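Everything below concerns the one structure shown next.
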Amino acid sequence: MNDYIKMLSEQDKLSISISPNRWQFEENPYIISGPCSVESEEMIVDWAQKMKRIGVNALRGGAYKPCTYPITKEIGNNGWKEGLREDGLRFLKTAREESGLPIVSEIMDSNQITESTMDCIDIVQVGTRNFQNYTLLDALGELDVPILLKRGTWGTIDEILGAVERILVRGNEKVAICLRGVVGMPSYRHVFPSIRWAPDLMMIPALKELCDIPIIYDPSHATGYRNFVPAISKAAIAAGADGLIIESHPNPPKSISDADQAISLMTLMNILDDIK
Ligand code: PEP
Ligand code: MN
């Protein structure tokens, strides 16, 4: 334990700022699944109904999509400007109405916290790239809406706890940490080109030792490769994760974004069988 965290623990400051967390997901493990991006109304509504049928707890779907390369993905994808944005949110709302599932979706900036956006999202995803966007975190701390805070690919344990604290101290107690892989695994890429991150599973027990914030593990971004998603899903649950967020798609290789890591309905059902 580093000196700062140790000092906070000894003085009980960590428990004042971070614990006890008064919020938990209503089911454990809590499973969030759906496509990386909302691609059309028909697709997301149909997929939401399938997710509901197989026992998924919440539907994910990106409407605002921060892409590493902002232009290349747009070519040939009608109207998809780093996500379908406002249209995508509307489609998610319809998917919620048709399936009854709560919606998990990312917002990228505090100016996207509007009545119409919040009307479509039940759990606000903070993306990796915004893990230390303090203006955004401060603004989310003012809301009474659950926040799924994704760890930055560079995030240390202090930075994770600090980002959580930033939301909690403003009054929003509904925070879950999402672990989604970190920098530093170049040894895989020549064989598995889509692998970009290292799935840091040890952060699950490490955080559990310090706080009782729910932890959702993201085996999709952590692995970057669909064949590894089932193994890392099970490993994350075994390590103590409270739930998973998994990218799934009706035709995984055709996903508009993150195609290499998307899994099929059948694979998702097998994972659920193994962990539920
Ligand atoms: C996503 O969930 O699709 C996403 C963009 O994730 P991350 O912010 O972890 O890269
Ligand atoms: Mn994705």
Side-chain angles (χ1 to χ4, degrees), residues 30-39 43-44 47 51 56 58-70 72-74 77 80-85 88-89 91-92 102-109 112 121-133 136-137 140 146-155 159-160 163 176-185 194-201 203 215-226 228-229 232-233 236 241 243-264 268:
Y30 191 83
I31 307 299
I32 304 164
S33 190
C36 178
S37 299
V38 178
E39 298 180 13
M43 176 261 205
I44 198 69
W47 202 245
M51 294 296 97
V56 164
L59 177 75
R60 66 149 289 148
Y64 294 107
K65 295 299 307 176
C67 294
T68 301
Y69 290 103
T72 50
K73 279 266 163 37
E74 292 174 10
N77 291 324
W80 197 91
K81 290 232 164 287
E82 288 197 282
L84 293 179
R85 309 178 85 82
L89 288 172
F91 301 159
L92 284 167
I103 302 299
V104 181
S105 200
E106 174 168 356
I107 62 167
M108 291 165 53
D109 193 281
Q112 288 167 347
I121 302 179
D122 300 291
I123 300 176
V124 175
Q125 178 176 320
V126 177
T128 289
R129 295 158 182 82
N130 276 311
F131 165 67
Q132 289 182 309
N133 176 343
L136 177 61
L137 300 187
L140 294 173
I147 310 297
L148 185 67
L149 174 68
K150 292 193 116 184
R151 175 192 191 178
T153 54
W154 62 93
E159 288 164 344
I160 297 171
I177 297 165
C178 179
L179 302 174
R180 48 79 74 218
V182 292
V183 286
M185 205 177 263
S194 66
I195 294 180
R196 299 165 75 192
W197 314 111
D200 177 11
L201 288 158
M203 189 55 86
I215 298 176
I216 298 288
Y217 201 84
D218 175 348
S220 307
H221 294 85
T223 63
Y225 180 46
R226 79 179 107 265
F228 296 168
V229 169
I232 298 301
S233 296
L244 301 170
I245 180 166
I246 305 178
E247 290 189 344
S248 58
H249 193 279
N251 187 351
K254 293 270 185 249
S255 300
I256 223 170
S257 54
D258 286 345
D260 295 316
Q261 69 201 32
I263 61 168
S264 66
L268 181 59

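The figures here come from the full heavy-atom set of this structure, side chains too, leaving out hydrogens, waters and symmetry mates. Everything numeric here is computed off the predicted structure, so don't read it as measured data. Whatever order the structure lists ligands and atoms in, that order sets their numbers, starting from 1.
For the atom pair Thr128 OG1 and Trp197 CH2, the distance stands at 7.5 Å (nearest 0.5 Å). Here the straight-line distance linking atom CG of Asp258 with atom NE2 of His221 works out to 4.0 Å at 0.5 Å rounding.
Among Arg60, Arg196, Lys65, the residue whose heavy atom lies closest to atom 5 (C) of ligand 1 is Lys65.
Not a single heavy atom of Gly62 sits less than 4.0 Å from an atom of ligand 1.
Among the heteroatoms counted here (N, O or S) of His221, NE2 is the one nearest to the Mn ion (ligand 2). Glu247 has its closest N, O or S atom to the Mn ion (ligand 2) at the position named OE2.
Here the shortest heavy-atom pairing between Trp80 and Lys65 reads CZ2-CG, 3.8 Å. Scanning both residues, Val56 and Ser33, for their nearest heavy atoms gives CG1-N, 3.7 Å. Across every non-hydrogen atom of Glu82 and Cys67, the tightest pair is OE2-N, 2.7 Å. Taking all atoms of both residues into account, the shortest heavy-atom contact from Ala259 to Arg226 is O-NH1, 2.7 Å.
Scanning the protein for heavy atoms near atom 4 (C) of ligand 1, the closest one is His221 NE2, 3.4 Å. Nearest protein heavy-atom contact of atom 8 (O) of ligand 1 is Thr128 N, 2.8 Å. Atom 6 (O) of ligand 1 has as its closest protein heavy atom Lys150 NZ, 2.9 Å.
Just one residue in the list Lys150, Arg151, Arg180, Arg60 forms a salt bridge (charged side-chain N to carboxylate O under 4.0 Å, His left out) with Asp218, and that residue is Lys150.
Taking only nitrogen or oxygen atoms, main chain and side chain alike, Glu247 reaches within less than 3.5 Å of ligand 1. For Arg180, a nitrogen or oxygen atom sits less than 3.5 Å from a nitrogen or oxygen atom of ligand 1, counting backbone and side chain alike.
Taking a cut-off of under 4.0 Å to the non-hydrogen atoms of Gly127, the atoms of ligand 1 that pass are 8 (O). In the vicinity of Cys36, heavy-atom distances shorter than 4.0 Å reach the ligand 1 atoms 3 (O).
Remark: at the Mn ion (ligand 2), atom SG from Cys36 and atom OD2 from Asp258 enclose 100°, rounded to the nearest 10 degrees.
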Query raised in the report: Would Ile246 and Val229 satisfy side-chain contact (heavy atoms from CB on, under 4.5 Å), going step by step from the backbone distance to the final call?
Result: CA-CA 8 Å; Ile246 305 178; Val229 169; 4.0 Å; yes
